[in-house]
Number of protein chains: 2
Amino acid sequence: MATKHVKEMEALKEHLGKHQLKLTRQRELILSAFLRQEHITAEAMYHQLAKSDPHLGLATIYRTLNLFCDAGLAQARHFGSQTKYDNVSHKGHHDHLICTGCEKIVEFENEEIERLQEEVATRHGFTIKTHRLELYGLCTRCRD
Amino acid sequence: MATKHVKEMEALKEHLGKHQLKLTRQRELILSAFLRQEHITAEAMYHQLAKSDPHLGLATIYRTLNLFCDAGLAQARHFGSQTKYDNVSHKGHHDHLICTGCEKIVEFENEEIERLQEEVATRHGFTIKTHRLELYGLCTRCRD
DNA sequence: ATTGAAATTGATAAACTGTCTCAAAATTAT
DNA sequence: ATAATTTTGAGACAGTTTATCAATTTCAAT
């Protein structure tokens, strides 16, 4: 268990050291749980961890997930009214095909599109940190 | 004034008719003001309209902008803690480069990306009605 | 034009998400 | 172990959006 995610743990420790922050039981716990996810909200993580750690506060989850963002381990993304924290080590799969009929969501990735996005950004002097691509339409079943 | 935006007005009326909703003074007013914008928040629209119509309620703005989304005239976009409503009639300019430093928004269009989106959708059996592409990062100034 | 059923509005309460506060507890360097 | 500093948990708080509901407006049918 402690032997999984060693690389991310090291990255966190390095960030903590650089900013005179401390390594706590909660930060280890939340990192370990976070790395098992592809993307998750603070609220969802709160409920999930409540089973094993009923006294872990919601504020701590928020603080820690934001810390992970600073450390480059996570990326915040606004989806609906909530913020989802993406696990950066699971690259790709950020893009969605969404059926407006049955609300089904299909994840996809397209390298060519990603490349063109970089190109557009560079042309405008931007450095992309993250992106969102959502295609709305009808799936095969809902079209009939 | 009433001769501007006739097409959008018709689109709204069609949507209202289909859903047994009514055309009200407020809906006309808000549509007219909305179509002058490229994208705006409910709060900003509230303050803007307060000058000419001090008794227009904030809830009505929210309800109406969400109605425009249902009618396909607007598209909601969550940014930071607020929701921005994009004017869909500014066609071909749906895609945004957004600076997370200064919140500057650059609009762009890329035919090749659009083509690839269609391709991805077709491969999954989807028929695209609309889409959203947002690239988040830092602009030249904010990177320094 | 009047009527009446149904939808809409405005004002405000409430809900929701995320941050702030602060005393108590945990961590780290000495 | 001690002391200085950071972190935590619990709840208060703030900002944004939605729900409530009586009063008003719309619209179709007289």
Side-chain angles (χ1 to χ4, degrees), chain A residues 9 12-31 33-34 39-71 74-86, chain B residues 9 12-31 33-34 39-71 74-86 100 103:
Chain A
M9 192 62 212
L12 175 61
K13 281 183 184 169
E14 187 184 326
H15 178 85
L16 295 175
K18 274 187 189 162
H19 297 78
Q20 53 214 76
L21 303 174
K22 294 174 176 175
L23 180 62
T24 64
R25 190 180 61 79
Q26 289 88 340
R27 283 172 179 169
E28 285 189 280
L29 200 94
I30 295 172
L31 178 61
F34 175 68
H39 42 67
I40 192 167
T41 64
E43 191 75 30
M45 177 153 278
Y46 179 61
H47 285 115
Q48 184 177 306
L49 290 175
K51 295 168 195 162
S52 52
D53 232 273
H55 289 295
L56 223 172
L58 181 55
T60 299
I61 308 266
Y62 274 107
R63 282 187 291 233
T64 306
L65 287 173
N66 287 331
L67 169 69
F68 293 170
C69 288
D70 294 342
Q75 237 172 35
R77 198 159 46 89
H78 298 283
F79 193 83
S81 61
Q82 291 198 291
T83 301
K84 286 197 171 159
Y85 293 85
D86 292 345
Chain B
M9 192 63 212
L12 176 61
K13 281 182 184 167
E14 188 184 327
H15 178 84
L16 295 175
K18 273 185 188 163
H19 297 79
Q20 54 212 80
L21 304 173
K22 293 173 178 176
L23 180 62
T24 63
R25 188 180 62 79
Q26 289 88 338
R27 284 173 178 169
E28 285 189 280
L29 200 92
I30 295 172
L31 179 60
F34 175 68
H39 42 69
I40 192 167
T41 64
E43 191 75 28
M45 177 153 277
Y46 178 61
H47 285 115
Q48 184 177 309
L49 289 175
K51 296 168 195 163
S52 53
D53 232 272
H55 290 295
L56 223 171
L58 181 56
T60 300
I61 309 265
Y62 274 106
R63 282 187 291 235
T64 306
L65 287 173
N66 287 332
L67 169 69
F68 293 170
C69 289
D70 294 342
Q75 221 174 43
R77 193 160 44 86
H78 300 279
F79 188 80
S81 60
Q82 290 200 292
T83 301
K84 287 194 171 159
Y85 293 86
D86 292 346
T100 53
E103 307 216 341

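In what follows, every chain begins at residue 1, and chains take the letters A, B, ... in the order their sequences are listed. Keep in mind the model is a prediction, meaning the values are calculated, not measured.
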Without decimals, in angstroms, what is the distance between [X] [atom1] and [N] [atom2]?
X: A:Ile61; N: C:dT19; atom1: CD1; atom2: P; result: 13 Å
X: B:Lys84; N: D:dT17; atom1: NZ; atom2: C1'; result: 17 Å
X: B:Leu29; N: C:dT8; atom1: CG; atom2: C1'; result: 15 Å
X: A:Ile40; N: C:dT17; atom1: CD1; atom2: P; result: 14 Å
X: B:His19; N: D:dT26; atom1: NE2; atom2: C1'; result: 19 Å
X: B:Leu67; N: C:dT8; atom1: CG; atom2: P; result: 8 Å
X: A:Leu65; N: C:dT17; atom1: CG; atom2: C1'; result: 14 Å
X: A:Leu56; N: C:dA25; atom1: CG; atom2: C1'; result: 14 Å

Report yes or no: is there a donor-acceptor pair, N or O only, under 3.5 Å between the side chain of A:Arg63 and the base of C:dG18?
->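 Answer no: no donor N or O sits under 3.5 Å from an acceptor.
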
Base D:dT5 paired with A:Lys22 side chain (donor-acceptor, <3.5 Å) | yes

Among [options], which nucleotide has an atom closest to any side-chain atom of [X]?
X: A:Leu21; options: D:dT26, D:dT7, D:dT18; answer: D:dT7
X: B:His55; options: C:dA11, C:dT9, D:dA10; answer: C:dA11
X: A:Thr60; options: D:dT20, D:dT26, D:dG9; answer: D:dG9
X: B:Gln26; options: D:dT8, C:dT9, C:dT28; answer: C:dT9
X: B:Gln82; options: D:dT16, D:dT6, C:dA7; answer: D:dT16

To the nearest 0.5 Å, tell me how far [X] [atom1] sits from [Y] [atom2].
X: A:Gln75; Y: A:Leu65; atom1: CD; atom2: CG; result: 13.5 Å
X: B:Ile40; Y: B:Gln48; atom1: CD1; atom2: CD; result: 4.5 Å
X: B:Tyr62; Y: B:Met45; atom1: OH; atom2: CE; result: 12.0 Å
X: A:Leu31; Y: A:Phe68; atom1: CG; atom2: CZ; result: 4.5 Å
X: B:His19; Y: B:Glu14; atom1: NE2; atom2: CD; result: 10.0 Å

What does [X] touch in the nucleic acid at a heavy-atom separation under 4.0 angstrom: a base, only the sugar-phosphate, or nothing?
X: A:Gln20; answer: sugar-phosphate
X: A:Leu58; answer: nothing
X: A:Thr41; answer: nothing
X: B:Asp53; answer: nothing

Let me know, please, whether B:Tyr62 or B:Leu23 comes out on the 5' side of the other along DNA chain D by nearest nucleotide.
->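 Looking at the nearest nucleotide for each, B:Tyr62 comes out on the 5' side.
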
Rounded to 10 degrees, the angle between the two terminal axes of the helix from C:dA1-D:dT30 to C:dT30-D:dA1, each from five pairs = 40°

Phosphate OP1/OP2 of [N]: any [X] side-chain N/O under 4.0 Å:
X: A:Thr24; N: D:dT8; answer: yes
X: B:Ser81; N: C:dG18; answer: no
X: B:Asn66; N: D:dT17; answer: no

pair A:Leu67-A:Ile30: side-chain heavy atoms closer than 4.5 Å | no

Residues two or more places apart in sequence or in another chain: which of them pass side chain to side chain contact (heavy atoms under 4.5 Å, CB included) with A:Gln26?
-> A:Thr24, A:Leu56, A:Thr60

Taking the nucleotide of DNA chain C with the closest heavy atom to each, which residue, B:Arg25 or A:Glu43, is nearer the 5' end?
-> B:Arg25

What pair of heavy atoms forms the shortest contact from B:Tyr46 to B:Gly57, and how long is it?
-> CE1-C, 3.9 Å

Taking all non-hydrogen atoms of both residues, which atom of A:Lys84 and which atom of A:Thr41 are closest, and how far apart?
-> CG-CG2, 3.9 Å

